[in-house]
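Working notes, structure below.
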2 protein chains.
Amino acid sequence: MKLSQSFIKTFREVGKEETARNAQLLIRAGYIHKEMAGVYDFLPLGLITLNKIQNIIREELNSLGCQEFQMTALQNPEPWVKTKRWSDQVIDVWFKTKLNAGGELGLAPTHEEPITNLMTKFISSYKDLPVYVYQFQTKYRNELRAKSGILRTREFLMKDLYSFSVDETEHQKFYDQVDQAYMRIYTRLGLGDCTYKTYASGGAFAKYSHEYQTVLPVGEDTIYLNQDKTLAINEEVMNDEVLNDLGVKREDLTATTAAEVGNIFTLRYKFSEPINLKFDDQDGIKKTVFMGSYGIGVSRVMGVIAEKFADDKGLVWPENIAPFKYYLIGIGDQGEDFTNILHKEYSSSILLDDRKLRPGEKFADAELMGIPYRVVVSNKTLENNSVEITNRRTSETKILSIEEFKQLLRD
Amino acid sequence: MKLSQSFIKTFREVGKEETARNAQLLIRAGYIHKEMAGVYDFLPLGLITLNKIQNIIREELNSLGCQEFQMTALQNPEPWVKTKRWSDQVIDVWFKTKLNAGGELGLAPTHEEPITNLMTKFISSYKDLPVYVYQFQTKYRNELRAKSGILRTREFLMKDLYSFSVDETEHQKFYDQVDQAYMRIYTRLGLGDCTYKTYASGGAFAKYSHEYQTVLPVGEDTIYLNQDKTLAINEEVMNDEVLNDLGVKREDLTATTAAEVGNIFTLRYKFSEPINLKFDDQDGIKKTVFMGSYGIGVSRVMGVIAEKFADDKGLVWPENIAPFKYYLIGIGDQGEDFTNILHKEYSSSILLDDRKLRPGEKFADAELMGIPYRVVVSNKTLENNSVEITNRRTSETKILSIEEFKQLLRD
């Protein structure tokens, strides 16, 4: 991408009503635009970043044999009435609307009901099981407050995966596979070192569920992490029974603030029972399908990563999800010509700052936008057949030969 | 994809309430699922097809220097009040909803207002222009009737592109480029021979707009096509003045039924004026930005293609957008082993039917699903080092050597 041809701009300041640091930085760096509280557009750099996170999640889920599909936001009340979740008292974040042709519709805050209903058409025998389906889909939640930037919004992109199994044994095997896939995902997103599988409330369906919590000072949760970091418990379920269940002592646990970046639920028969999702087993006996659901808030994760790594100069993206790996600046005629040629050949990894601005302004934007490497090519570096490359995270600067840099671009 | 591992099934029949042939076939072939009238989910094969259409559009728009971004469905009334389009009398397909925190929101049926509003933040000088931005985004339209399958739905995927120019001359240049890009898109989608740029109403903003109309018996529009097919006029604007403007005679035009697959609008100052999107020109004089908008209903186009090419055996996809190019069937142990190996190596172009079904059932599903080539590998064909390949559209069957088929897979 050439910045001279993009409409995006950076800003020194954002409106005072934006109090979350992730959103302040993402707005200032031109990644997102605020429509209203809790509702954000994704501008070109933001959309590329979001897509990179999506692709990492997609690859890991496909490797488990999950199938991608896409459901609608508009919801027919019928299956939700069956599970008693149509009520605004039960789900207090519904957006509801009226159909001109008559009747009330909802905007899905999650998709357990419609997917269970859909599967009644496709699952009838043990031979049809297991089924693992997921989508990247926009969820709507009518949150009363929305003050955490893109960590908690009223319209957001979520990956939701649903599993349908013959019994708990089959379910548990897949549940464990998803757990491992999630840890691979967080590692690839750069959050591997600071994200913990955490015991949380199982809601109405099971004793526990698991959350994935990233240690973060502005996180909304408190988790208790044990000394060797192999176990974490969400404060909301911390009590003697849980400590006993998990065989840990209160004094070995340390409280820390964290942000949820994913969750996995054993749903058991909570949805399949009222919606009547059954199958014939090998003996021809009707049984109820055993379900699980597995979420990752994609835009939320982007916000967590923005918060986690930002410093006083701006965003700092991990390489795997940065919209571009290199922020290229040409100084002087020869420098400009050379960077144009490089950009043409390696456009997918280069953000070329060819705007008519002073180098200092470009350096500041390179930092604010959080591109992993700033690369400067000037008439002077070209005399030595070299480029100057600066690591955004460490600020370390190196001189590379042009050939070495081209090798990096080819990698 | 291996059909044995997918949850999708084909159906002999669909419910009687589904009267549109495109939806009947897409449901029977397992591409979509109907949530309610005018609201459809995209199942794995349907989503792949939709994504292929999207990618063709994306490539052509990127080649014009357009930038992809993504806005939200939730709409703040403010900019819509300024253009007087918040009213249900003016836009009669609004879905509206209430915010728990107070206030009314809408679900965007289109995005002229929010994009114009967003650009007030990024455009202030002639140096910032032109700007070309587009998105693939879900639109919501509260249609009173929804009986055309995925041709007209209440929730659908649309590509919407917006242009911002200094004046009409600059605008017209881009408008013509988009026109040419649209024709390249329809050609790549397999609709090149039967899609015509059509003069249509310019609405409140200009004398004419242009629609792209695909000749289709079940289409909702009537267009008048001249003999050499270089000109088409939508019935809604057919009158003596138009004939005179375009220099054609009524008797040289033939009425034909068609479905709209895209449109391009010169918006002039219709949105930029009330929303106050202005720029300083080279002499420092404030001017209003000149706008255009350009739409393609992505899911609608998929429906048109389904209708257009289907025959009595089912769907017939053009190669460029078929979810897979080859429907592979192995017969007998050796045939099955061989097809498994082929699938492993070329999984992106092969849909492997490895279900425990009779060959006849698989042949019928291959036809219903509309995969361009059915390829059969049996112990017998293997004896001759060959495969049997049948063209879905022409029903022509050929014997290819295994090496020839592998060459096709590599292409």
Side-chain angles (χ1 to χ4, degrees), chain A residues 1 5-9 11 30 33 35-44 46-48 50 65 67-76 78 92-93 95-101 105 107 114 117-119 121-123 127-128 131-133 135 138 140 142-146 154-155 164 356, chain B residues 1 5-9 11 30 33 35-44 46-48 50 65 67-76 78 92-93 95-101 105 107 114 117-119 121-123 127-128 131-133 135 138 140 142-146 154-155 164 356:
Chain A
M1 188 192 278
Q5 288 170 15
S6 176
F7 72 88
I8 56 165
K9 288 180 182 174
F11 301 92
H33 169 75
E35 286 289 333
M36 57 190 134
V39 182
Y40 298 89
D41 303 317
F42 283 79
L43 305 183
L47 185 58
I48 298 173
L50 200 64
Q67 299 167 69
E68 188 174 354
F69 77 137
Q70 198 161 61
M71 305 195 84
T72 60
L74 289 175
Q75 294 296 305
N76 191 332
E78 208 179 314
D92 59 3
V93 291
F95 278 110
K96 292 192 178 157
T97 185
K98 283 202 168 21
L99 196 56
N100 281 340
L105 301 180
L107 295 180
N117 192 46
L118 185 152
M119 282 300 160
K121 199 174 137 188
F122 292 97
I123 295 172
K127 292 177 195 161
D128 300 321
V131 168
Y132 310 125
V133 288
Q135 60 180 348
T138 306
Y140 296 89
N142 202 341
E143 304 278 357
L144 202 54
R145 273 171 293 276
R154 296 181 166 125
E155 172 172 351
F164 302 86
K356 302 256 165 279
Chain B
M1 186 192 278
Q5 288 171 13
S6 176
F7 71 89
I8 57 164
K9 287 180 182 175
F11 301 93
H33 169 74
E35 284 290 333
M36 56 188 135
V39 183
Y40 297 90
D41 301 318
F42 283 79
L43 305 184
L47 185 58
I48 298 173
L50 201 65
Q67 299 169 69
E68 189 174 354
F69 78 137
Q70 199 160 62
M71 304 195 83
T72 60
L74 290 175
Q75 294 296 305
N76 191 334
E78 207 180 315
D92 61 1
V93 292
F95 279 110
K96 292 192 176 157
T97 186
K98 285 203 167 19
L99 196 56
N100 281 340
L105 301 180
L107 295 180
N117 191 45
L118 184 152
M119 282 300 159
K121 198 173 136 187
F122 292 98
I123 295 173
K127 292 180 196 159
D128 299 323
V131 168
Y132 310 125
V133 288
Q135 59 179 348
T138 306
Y140 296 88
N142 202 340
E143 305 278 358
L144 202 54
R145 275 170 292 276
R154 293 180 167 125
E155 172 171 349
F164 302 85
K356 301 258 165 278

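First the proteins, then the strands, lettered A, B, ... as listed; each starts at 1. No hydrogens, no waters, no symmetry mates; every other heavy atom, side chains included, goes into these values. Please read these numbers as outputs of a predicted model, since none were measured by experiment.
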Quick one: what part of [X] sits under 4.5 Å from any heavy atom of chain B, side chain, backbone, both or neither?
{"X": "Asp92(A)", "value": "backbone"}
{"X": "Ala37(A)", "value": "neither"}
{"X": "Gln135(A)", "value": "neither"}
{"X": "Phe11(A)", "value": "side chain"}

Straight-line distance of [X] [atom1] to [Y] [atom2], nearest 0.5 Å:
{"X": "Arg145(A)", "Y": "Asn100(B)", "atom1": "CZ", "atom2": "CG", "answer": "11.0 Å"}
{"X": "Gln5(B)", "Y": "Gln67(A)", "atom1": "CD", "atom2": "CD", "answer": "8.5 Å"}
{"X": "Ile48(A)", "Y": "Glu68(B)", "atom1": "CD1", "atom2": "CD", "answer": "9.0 Å"}
{"X": "Lys121(B)", "Y": "Phe7(A)", "atom1": "NZ", "atom2": "CZ", "answer": "9.5 Å"}

Is any side-chain heavy atom of [Y] closer than 4.5 Å to one of [X]?
{"X": "Phe95(A)", "Y": "Leu107(B)", "result": "no"}
{"X": "Phe69(A)", "Y": "Ile8(B)", "result": "no"}
{"X": "Leu105(A)", "Y": "Met36(B)", "result": "yes"}
{"X": "Leu43(B)", "Y": "Leu118(A)", "result": "yes"}
{"X": "Leu99(A)", "Y": "Arg154(B)", "result": "yes"}

Is the backbone N or O of Lys98(A) less than 3.5 Å from a side-chain atom of Asn142(B), with the two atoms forming a donor-acceptor pair by type?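 Pair found, side chain donor or acceptor close to backbone of Lys98(A).
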
| said: If you count heavy-atom pairs within less than 4.5 Å of chain B, which of Ala101(A), Pro114(A), Ser6(A), Gly65(A) leads? | reply: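 So the answer, after comparing Ala101(A), Pro114(A), Ser6(A), Gly65(A), is Ser6(A).
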
Picking from Phe164(B), Phe42(B), Tyr132(B), which has the most non-hydrogen pairs under 4.5 angstrom with chain A?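 Of the options given, most contacts go to Phe42(B).
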
Grab the two heavy atoms, one from [X] and one from [Y], that are nearest each other, plus how far apart they are.
{"X": "Thr72(B)", "Y": "Asp41(A)", "result": "N-OD1, 3.0 Å"}
{"X": "Asp128(B)", "Y": "Lys9(A)", "result": "OD2-NZ, 3.1 Å"}
{"X": "Thr97(B)", "Y": "Lys96(A)", "result": "OG1-O, 2.7 Å"}
{"X": "Glu155(B)", "Y": "Leu74(A)", "result": "OE1-N, 2.8 Å"}

Pick one of side chain, backbone, both or neither for Tyr140(B), based on which atoms fall under 4.5 Å of a heavy atom in chain A.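 Side chain only.
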
Side chain, backbone, both or neither of Glu78(B) within contact of chain A (heavy atoms, under 4.5 Å):
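Neither part.
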
